Amino acid sequence: MSNRQFCGSMEHFVSRRGFIGSAAGLSIGSFLGQKTVAEEIKKQGKSVIMLWLAGGASQLETWDPKPGAVTGGPFRSIQTSTPGIQISELMPKMAARLKDTCIIRSLNTKNADHGSGAQLMMRGRRDDAALKFPDLGSVIARELGKPDSPVPDYVSFYLQTEGRNFAGSGFLGARYGPMELSKEAMPENVSRLDQISLEDFHDRQALRDLWSKNFSMGRNSGVLASHEQAYLRVNGLMDSKKLFDVTKESQKTRDKYGPTQFAEQVLIARRLAEAGVPFVRVGRAWWDSHGQNFETHQELVPELDHVMATLLDDLAERGMLKNTMVITLSEFGRTPSINASLGRDHFASAWSCSISGCGVVGGSVYGKTDAKGDKVAEGEIGAARLFATIYKALGINPQKNYYVGSRPVPLTDPGTEPVKEVLA
Amino acid sequence: MNYSKIKVQKNISRPDIVFDLVAIPGTSRVLLASSDFNIHDLDISQQKAESKTLSGHASYVTTLALGKDVLASGSYDGKIIFWNISKNEKIKSLDAHQKWIRKITLSPDGKLLASVADDMVLRLWSFSEGKLIREMKGEHTPLTPHHFQSMLYACTFNSDGSLVASADKTGHVVVWETKSGKKVASVEAPIMYTWDPSARRHSIGGPRSLAFSPDSKYLAVGGTGKIGNIDHLEANARIEVFEWQKQEKSKEFIIDKHKGLVEFLEFHPDGNILLGAGGAGEGFICFVDLKENKVAHQEKAQMNVHGVFTQNKMTSILAGGHHRVMEFQFEV
């Protein structure tokens with residue numbers, strides 16, 4: 001994998017000015033089209049936490065082991081809590097907790113390039129020449145975010161520098177774009193300025209509220225409402241800073257998740273979901289193990305196993321798991337064949353992901369690969385059906401139309417059916 | 001040594017990955033540690049070499065040690081199995097380690113077997129009885145400084161078996177006294193371990209081979225250099241030589257024509273030449289001249305070399321690796 005594929009590009013960081021602009025842009029109207037938002041779904045407070053295994057995690061060392069096959073590698077498989085389902089021995093904690101997780105072993109996404117593969121697996125389809133589609137986070141933000149929510153709708157952690165910048169809100173615009181955290185797990189530029197005391201800050205807010213109220217009196221203007229909403233969202237954003245502060249959690253909880261950067265970000269993701277953020281992606285780079293695949297997965301899979309299992313336990317203990325979906329996904333999987341450097345290369349023909357919690361049949365496997373893992377043997381699906389399944393599990397109609405101008409654009413490609421066997 | 005006289009004598013393709021190999025003296029039999037979880041008994045004198053299979057492990061067989069009539073094999077399944085090589089029968093199986101066994105090695109007198117594994121323990125066994133004699137632990141920490149599992153890759157005895165050395169992923173190398181099990185000294189080879197904190201946030205590398213000089217003064221450590229893009233083993237292979245009693249690095253050698261890991265090291269009996277082998281996508285064997293203080297010769301192999309067995313003062317070098325077994329010989 002060449003460095004050139006990922007180096008240099010704009011970094012999204014949230015500024016108050018930018019946030020005001022994008023928030024104001026929302027209700028000024030534009031092209032977003034139909035306002036048939038399912039308020040009922042929003043009221044249910046559903047959230048998605050995506051664990052984005054950037055670079056391409058190996059299905060053979062995670063969800064679809066092939067012990068003893070020439071392609072199987074050195075790891076054994078272990079029995080999960082669901083009779084008949086085995087996963088890699090590197091995931092003993094998830095094996096013991098499979099009851100809330102559905103493994104999909106039959107992805108054939110036909111794109112083994114990091115850049116375009118990541119774009120595909122973040123959007124569920126390829127961009128048109130004339131139209132950039134929103135990624136999953138943006139759609140979830142649009143569908144599950146509440147207009148009056150004081151917290152962000154879409155947060156994306158990606159602190160590693162490799163493999164960034166494949167997310168994006170496409171035609172949905174900046175209002176539904178991610179709050180990108182790429183330097184540290186705390187948002188930048190949302191703190192009260194040091195030279196303004198808290199008392200001054202509150203006085204200014206009160207004065208602005210008074211003037212705004214007086215000015216609005218007797219006026220019925222969408223622009224005014226939008227302006228007011230933008231201020232409310234900024235205030236909410238400034239207040240939500242504490243959600244990103246992992247030290248607000250008890251030491252006991254922090255110890256459960258563990259000391260790694262990924263663990264801390266997943267704990268923050270849980271805090272955000274608990275506060276009502278509909279979509280959080282935690283990027284965990286970098287799984288691109290062309291050399292020393294087994295050593296790399298010995299490092300990364302136990303971390304994933306521990307953190308994911310802790311997250312599911314935590315969500316269950318808080319009564320959140322029913323309404324929170326946890327997804328593990330990459331841009332592709334890895335070749336069954338083992339190269340001369342004891343690595344595995346890019347592979348999109350037969351690989352795996354997982355969906356836990358909200359809306360799916362736990363303790364299950366959908367799809368099957370052949371004995372060596374070279375091909376999908378049963379239940380082949382691509383990115384579109386995966387996304388349709390995710391939407392459906394969240395209660396969102398996968399064929400719902402957005403409108404770009406007068407062009408109807410369904411959430412997933414026309415005719416795409418969700419996988420019924422995955423849905424609870 | 002006249003390196004221009006080195007020739008490939010045998011070149012045998014294999015369906016598996018060969019991690020280690022030993023030749024049975026006085027025969028053309030070679031035993032291979034295989035990725036198919038078996039040991040293969042190969043007669044390399046045959047034009048189309050076919051192997052007999054010794055089965056018993058449940059993961060990659062990664063390391064072999066040959067005694068007089070007995071072979072010991074170590075595997076990622078944590079077991080050490082002893083085999084009667086006259087009958088190709090299993091003698092005894094030990095649940096030797098909790099995690100992957102990376103290396104076993106026999107003391108020069110054939111009495112002690114040392115094993116290292118990712119449970120970060122060095123164990124000494126009686127080779128004749130397969131009984132645990134002692135274990136050395138506490139020096140190689142289970143986690144890297146970045147909270148990930150460490151690995152204990154290599155071990156070797158010195159020429160009289162009084163010392164045994166071990167090396168972990170982070171480059172921490174410990175010399176132990178065999179008799180007492182106490183640490184005698186330690187040296188560090190941190191360049192061989194790369195932790196990428198920002199771009200990819202995991203690690204690669206680590207020392208993979210060790211060898212004491214015949215006089216036990218020097219300890220050679222084989223691995224790789226600092227790596228930029230840790231998706232690949234893209235740094236040149238690397239050997240560092242320590243005066244371990246002074247805890248000082250005295251020499252370092254870059255295998256500048258080849259990338260990857262040095263997975264095998266052995267001193268020539270005269271103490272002046274160090275043989276290394278390894279690779280990444282491609283492989284090599286190399287000769288380091290310690291008198292001249294240089295890498296004297298680098299020979300490309302048609303495979304990433306994982307294991308080597310030498311005979312007749314290195315005039316015959318058997319190498320096993322990725323889908324291939326090769327024999328190099330110095331032409332007389």
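Note: hydrogens, waters and symmetry copies are ignored here, and every other heavy atom, side chains too, is used. Letters A, B, ... are given to chains in the order of the sequence lines, protein chains preceding strands, and every chain is numbered from 1. Because the structure is predicted, anything quoted here is derived from the model rather than measured.
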(message) For the CD atom on B:Q98, are there more than 12 heavy atoms of other groups (residues, nucleotides or ligands in this structure) within a distance under 6.0 Å?
(response) no
(message) Applying side-chain contact (heavy atoms from CB on, under 4.5 Å) to A:S341 and B:H232, what does each step give before you reach the verdict?
(response) CA-CA 8 Å; A:S341 204; B:H232 307 266; over 6 Å; no
(request) Take B:D77 and A:R76 through the test side-chain contact (heavy atoms from CB on, under 4.5 Å) and record every step on the way to the result. (result) CA-CA 9 Å; B:D77 65 7; A:R76 289 171 283 193; 4.2 Å; yes
(message) Please check if the number of heavy atoms outside A:Q119 that lie under 6.0 Å from its CD is greater than 12.
(response) yes
(request) Could you tell me whether B:R102 and A:E295 have a side-chain N and a carboxylate O separated by less than 4.0 Å? (result) yes
(request) Quick one: pull up OG1 in A:T161 and CG in B:D196 and give me the separation to the nearest 0.5 Å. (result) 7.0 Å
(request) For atom NZ of B:K226, decide whether the heavy atoms of other residues, nucleotides or ligands shown that lie under 6.0 angstrom number more than 12. (result) yes
(request) Look at A:P67, A:G343, A:G73 and state which one has the largest set of heavy-atom pairs under 4.5 Å with chain B. (result) A:G73
(request) Tell me, for A:Q292 versus chain B, whether the close heavy atoms (under 4.5 Å) come from the side chain, the backbone, both or neither. (result) side chain
(message) Looking at chain A, which one of B:M303, B:Q149, B:H146, B:M151 has the largest number of heavy-atom pairs inside 4.5 Å, strictly under?
(response) B:M151
(request) Could you tell me which non-hydrogen atom of B:R200 sits nearest to which non-hydrogen atom of A:E162, and how far apart they are? (result) NH2-OE2, 3.1 Å
(request) Indicate the atoms forming the closest heavy-atom contact of B:F148 with A:E299, along with that distance. (result) CD2-O, 3.4 Å
(message) Check whether A:D288 reaches the backbone of B:D231 with its side chain - one donor and one acceptor, N or O, closer than 3.5 Å.
(response) no
(message) If you define the side chain from C-beta out and look only at heavy atoms, does anything of A:L342 sit under 4.5 Å from B:F19?
(response) yes
(request) Mind ranking A:P302, A:P74, A:A285, A:P259 by heavy-atom pairs under 4.5 Å with chain B and telling me who comes out on top? (result) A:P74
(request) Heavy-atom distances under 4.5 Å only: say whether B:S150 touches chain A with side chain, backbone, both or neither. (result) neither
(request) Select one option (side chain, backbone, both, neither) describing which atoms of A:E303 are under 4.5 Å from chain B's heavy atoms. (result) side chain
(request) Against chain A, work out which of B:H323, B:H306, B:E234 has the most heavy-atom pairs shorter than 4.5 Å and name it. (result) B:H306
(message) Is it true that, when you exclude A:K372 itself, more than 12 heavy atoms of the residues, nucleotides or ligands shown sit nearer than 6.0 Å to its NZ?
(response) no
(request) Please test A:Q298 against B:W100 for side-chain contact (heavy atoms from CB on, under 4.5 Å), starting from the C-alpha separation and ending with a verdict. (result) CA-CA 11 Å; A:Q298 266 188 315; B:W100 285 9; 3.6 Å; yes
(message) Over 60° means perpendicular and under 30° means parallel, so tell me whether A:F294 and B:Y60 are parallel, tilted or perpendicular.
(response) perpendicular
(request) Check A:T260 against B:H147 and note the closest heavy-atom contact, atom names and distance. (result) CG2-CB, 4.1 Å
